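Encoded as structure tokens, the structure appears first; notes follow it.
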Amino acid sequence: MVPIETNELWSYSMRTNFNRTIDLFEFFNATTGYKFRQSIYLNDSKDSTNFYAQPVHIYLGENVSEESILNSLDRIYEYKDCMDFHLNSLLRLLYLDINKSILSPAVKNQVCDALGRGKYWYTEPSKDTAIFYTENHQILYHTAELLIGQLFPNNTFTNSQMNGTEHVLHAQPLIIQWLDWRAQFGFAEWHSNTYFEEDIEALVNLVDFAENEEIVLKAAMILDIIAFGFAMHYYKDRYATTSGRTYDSKKVGTSLISPASGDSTTEAAWMMLGIGTHQPGDSGNVAAIALATSDHYAPPPILETIAANASLYNEHKERNNIDLSDGPANGISYTESDMMFWWGMSGYLAPQVIEETFHMLEKYDIDPMTACGPQILIDFLKISAFLHGYSLREYSQTLNLFTQGVAFEAVNIYTYRTPYYQLSGAQDYKKGTNGMQEHIWQATLDDQAFVYTSSPGGITKDFDQLYVGGWKPRTTIYKNVGIIQYDREVMPLEAEALLFLLNLFTGMKFYNHAYFPCWAFDDIQSYEHWTFGAKGDGYIALYSYQPTWWESDYELRVNGYKNLWIVELGSVAEYGTFENFTAAIRQANIDIVPEKLGYDVHYTSPSQGLVTVTWDSPLYVNGTQIDLGPYARFDNTYCYQEFASTNTTIQHGSERLTLDFDSLLRVYEVI
Amino acid sequence: MKQKPLIKPSIKGGIMAIIGVWNTHLGISIALVVPNLIYGFFAYVFLAMAGIFIINLVRILQNSSQNTPPNVSTSRIFRNVLLFGIMYIVSSTITVFNVVWYNQEIWIMYFTAFVGILWLVIGISANKWKQEVVFSHIMVSLVFAMGIFYGAISNFLIFPFYIFIFFFAAFFVQLSREYIKELPDPGEEDKPEISESNRILGDDLKILKLALIFQILGFIFAILLPFMGINNPIFILWFLIPSLILIGFASYLTWISIKRQDKVRRINLLLKIGILLELIAFFLAG
């Protein structure tokens, strides 16, 4: 608990005269569908006592749940992790209330007191247990700082001893930098079905309330790009693609009565584009609430059209992020000025940045647990580096399966969709390295009938994620066929010892497995190495080189770290019956030779022909080399954008959307 | 005639096999390295035991006419031949299992066959040349040091050159110790006054000189290690330097013994600890 030296509330003078002249609707208005969905969400949330739903009450001019608002303040007073979630919702409340005056003076004073004593960035004094550094936290804190500064320009904040204007001046360049990084390089936490919810809330807050035109326009354009990503990857109400950060709970359903929970982005996708789903009871989704209560942001109509048009067939490639080694070539240094770029990628301990990371932890007295791990890990790395006679950078390099493995680097995403199924994955992404929350590939037949594999273990998030993170495979996908190889090299003795101890104390994880929820399929069949599933008119076949067994009704397990999985998808349109599909697959010629690392695979797919690949080689289909990357930023029917370009043009039929971050142009045209 | 100790040198050989695997693990799947560490250790322990039985066999053959009744001698010979065969078959079986089950390099099977033949050839040669004590020392050192080749080949047929340096460093220090062990420390009355080697090599002084040469060779090879491209050239120094100090001190004492023509105490102990530290250093090198 942060000590409050006086019982007096923070004295403030709130600014209420905001006269913005920025018109985001100069070029288009929200579609009727979007307005309709906004109204549905508002109506479904108006009676909620959930704290996050309170902006809806203000927006509709109705009374709020004061108790829920006051209860939310403790986290801010105590500088606890995720206080930025509360800060952004509270600020939305205050800004919306300016013209409504719903909040009672007592509640408003208490809220402003919490905000006045709040901590908005790690550089401010006082100890905290907050994570400021991940991609979503960065924009949430920057947004909070900007908006709080705008509200109280002349008041001095107790923790930072800065006034509001100074906070605005501090936050503005950081926000612009964050937005520019996303425009240029995409998202570190790519297609996160968890954290895009937070990003959207912060971005909508910026669009609605920021006074800086550059920030407003860029935030709106980033929202458009997120919506475009939804259109490209949502399939049958599921964000059915690879992801940089997700959780087991979003990807594992154990039975019909306990299915995988919906994506946190699904309400936002539904509202923005009419895809995804709306659950009337889900009244606390901060992204949906921000969108529903926004009078300034609406997705350009073309995105809704594309979402509908692409729902039956789509082949999409995109790239997010840069490699750590490519920083200087892209104007990103390894010094403090750009460290948030790398920390936002979870690149705390990677060779290029580890020394600066440790320097910054000391300089700002940052609790290492909120960044890269416990102090004992830092001590271990320093002592080990000394004993090896290495610099920290050199030593980090020897442990790069861990230290660099967990960083989100350049990811090339491929998605193939038909009316019956979607196969999506990160092509050849950091094979054999460890990860905390990555979800590498997924084959989807509907919102619950989806299949993927993982190899748990290592330093997964909180050490309790078994289906996301872990050891990354070499995934290579072409249309409806995927070859997924799990393997890894041996690390130095101390790293293997650490891993062994982790396994010992957090559950033995000497296996890899497939999530294959039998309960979600209409039919399941197994023949030797193959497991087949049918759902509706879509079919899936999953091959495992090593013998498998059903650990549960949804988990197909294999012993060891090394395995080869082959996935092939089919449908009634191609095979007629499920029996025909299984027969065709079973007759397929498969020649697999285990190698020093990975496998030498020759698989004659019934639909694609001969597919060959090894651990290091390109993927060949009928002798033709398949493009595994590096991809363009976007490459599909609707948009081609070179990576690192900041000019996005999305076109469909007579409609065109131009997002030009350099000229600050967001133009929707019907040609 | 005492039988050569069986378990200890064999386990030391198994440890060398582990060191061989560990020092060649880069670029190889953990799914191959871990079985090589486990099965490689046990396979080589049995292979080393087979080698020890050959030593005993040669010693029996060369001593039987003088000291042993013919029926006892035949029984001992038969038993050692049988045990050699069993150990060799067990080792080969473990090796084949590892290769087949885990898709390992097939070369390790050839190497196992080669080592079995090598033991026999050396044994037959030693028996023919009537130099069983020299043979015994060389063979014990070889059984110990060859483990590193077994480990390295189970990962790569073409293994890094530094594996040879490991081999020679271990081999020569162990060989030196085998000779030193032959000479009793002053005051140790239970040891024979005249060493077994002495009967062949002439006198204790000659043994000490040989031991010194092998110590120096072992020392030189060990000192080369950090410069041979191993994975952890500095990390190993934490154990290699103490090891070299002990081996160097043992050499000094051996030299003093030669000068005084009287063996100084504790040379064997210094070499023993020196080899232990050297093994730890070898392991850390990977």
Side-chain angles (χ1 to χ4, degrees), chain A residues 383-391 394-395 397-402 431-434 455 457-458 470-471 473-474 485-497 499-500 503 509-512 545-547 558-564 592-600 614-616, chain B residues 15 18-40 98-108 151-160 225-227 229-242 279-286:
Chain A
I383 292 167
S384 280
F386 169 74
L387 291 175
H388 280 82
Y390 290 148
S391 66
E394 290 167 332
Y395 186 59
Q397 185 61 46
T398 69
L399 302 178
N400 71 339
L401 297 194
F402 274 146
K431 62 192 176 192
T433 63
N434 200 235
S455 176
W471 298 100
R474 182 173 199 233
Q485 303 176 64
Y486 284 93
D487 206 350
R488 73 167 175 90
E489 289 186 63
V490 181
M491 291 182 290
L493 185 64
E494 58 275 23
E496 290 294 344
L499 187 62
F500 182 79
N503 269 319
K509 295 163 189 163
F510 301 115
Y511 62 88
N512 61 89
Y545 179 75
Q546 298 289 351
V558 174
N559 270 330
Y561 287 118
K562 179 167 181 159
N563 194 28
L564 168 77
I592 296 164
V593 180
E595 296 200 317
K596 291 273 187 206
L597 277 167
Y599 297 84
D600 185 1
T614 68
W615 184 252
D616 292 312
Chain B
I15 290 169
I18 287 176
I19 291 168
V21 175
W22 191 248
N23 274 280
T24 52
H25 73 246
L26 290 182
I28 299 191
S29 165
I30 189 165
L32 299 180
V33 172
V34 171
N36 277 340
L37 287 170
I38 296 167
Y39 295 108
N98 186 25
V99 169
V100 172
W101 193 259
Y102 294 99
N103 299 295
Q104 305 279 11
E105 283 281 2
I106 200 164
W107 300 105
I108 194 61
I153 290 174
S154 48
N155 280 343
F156 285 107
L157 175 62
I158 313 293
F159 50 75
L225 265 177
F227 309 102
I230 57 173
N231 295 336
N232 291 304
I234 294 174
F235 197 33
I236 67 162
L237 296 181
W238 296 99
F239 286 90
L240 190 63
I241 288 173
L279 285 184
I280 297 171
F282 287 2
F283 191 67
L284 298 180

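Here the structure is a predicted model, which means the values were calculated and not measured. Protein chains get the first letters and strands the later ones, always in sequence-line order, with residue 1 at the start of each.
- In this structure, the side chains of A/Tyr390 and B/Ile234 stay at 4.5 Å or more apart for every pair of heavy atoms.
- Counting heavy atoms from C-beta outward, B/Trp22 and A/Val490 have side chains that approach closer than 4.5 Å.
- In this structure, chain A has no heavy atom under 4.5 Å from any part of B/Leu237.
- Cation-pi geometry between A/Lys596 and B/Phe156 is met: the NZ or CZ atom falls under 6.0 Å from the ring centre, inside 45° of the normal.
- Counting heavy atoms of neighbouring residues, nucleotides and ligands inside a 6.0 Å radius, atom CZ of A/Phe510 exceeds 12 of them.
- Only the backbone of A/Glu595 comes within contact range of chain B, judged by heavy atoms closer than 4.5 Å.
- Interatomic distance, CZ of B/Phe235 versus OH of A/Tyr395, reported as 7.0 Å (0.5 Å rounding).
- Atom CD1 of A/Ile592 and atom CG of B/Asn103 lie 11.5 Å apart (nearest 0.5 Å).
- Closest approach of B/Trp238 and A/Leu387 over heavy atoms only: NE1-O, 2.6 Å.
- Within a 6.0 Å sphere centred on CH2 of A/Trp615, other residues, nucleotides and ligands contribute more than 12 heavy atoms.
- Considering CD1 of B/Ile236 and NE2 of A/His388, their distance stands at 11.0 Å, rounded to 0.5 Å.
- Per-residue counts of heavy-atom pairs under 4.5 Å with chain B were compared for A/Ser384, A/Gly432, A/Gly389; the largest is that of A/Gly389.
- In this structure, the side chain of A/Glu489 does not engage the main chain of B/Ser29 through any donor-acceptor pair within 3.5 Å.
- We find the CD1-CD distance between B/Ile30 and A/Glu496 to be 4.0 Å, quoted to the nearest 0.5 Å.
- In this structure, B/Leu32 CG and A/Leu597 CG are separated by 8.0 Å, a value rounded to the nearest 0.5 Å.
- Atom CG of residue B/Asn231 and atom CG of residue A/Leu493 lie 11.5 Å apart, to the nearest 0.5 angstrom.
- For B/Gln104, no part lies near chain A; criterion is any non-hydrogen pair under 4.5 Å.
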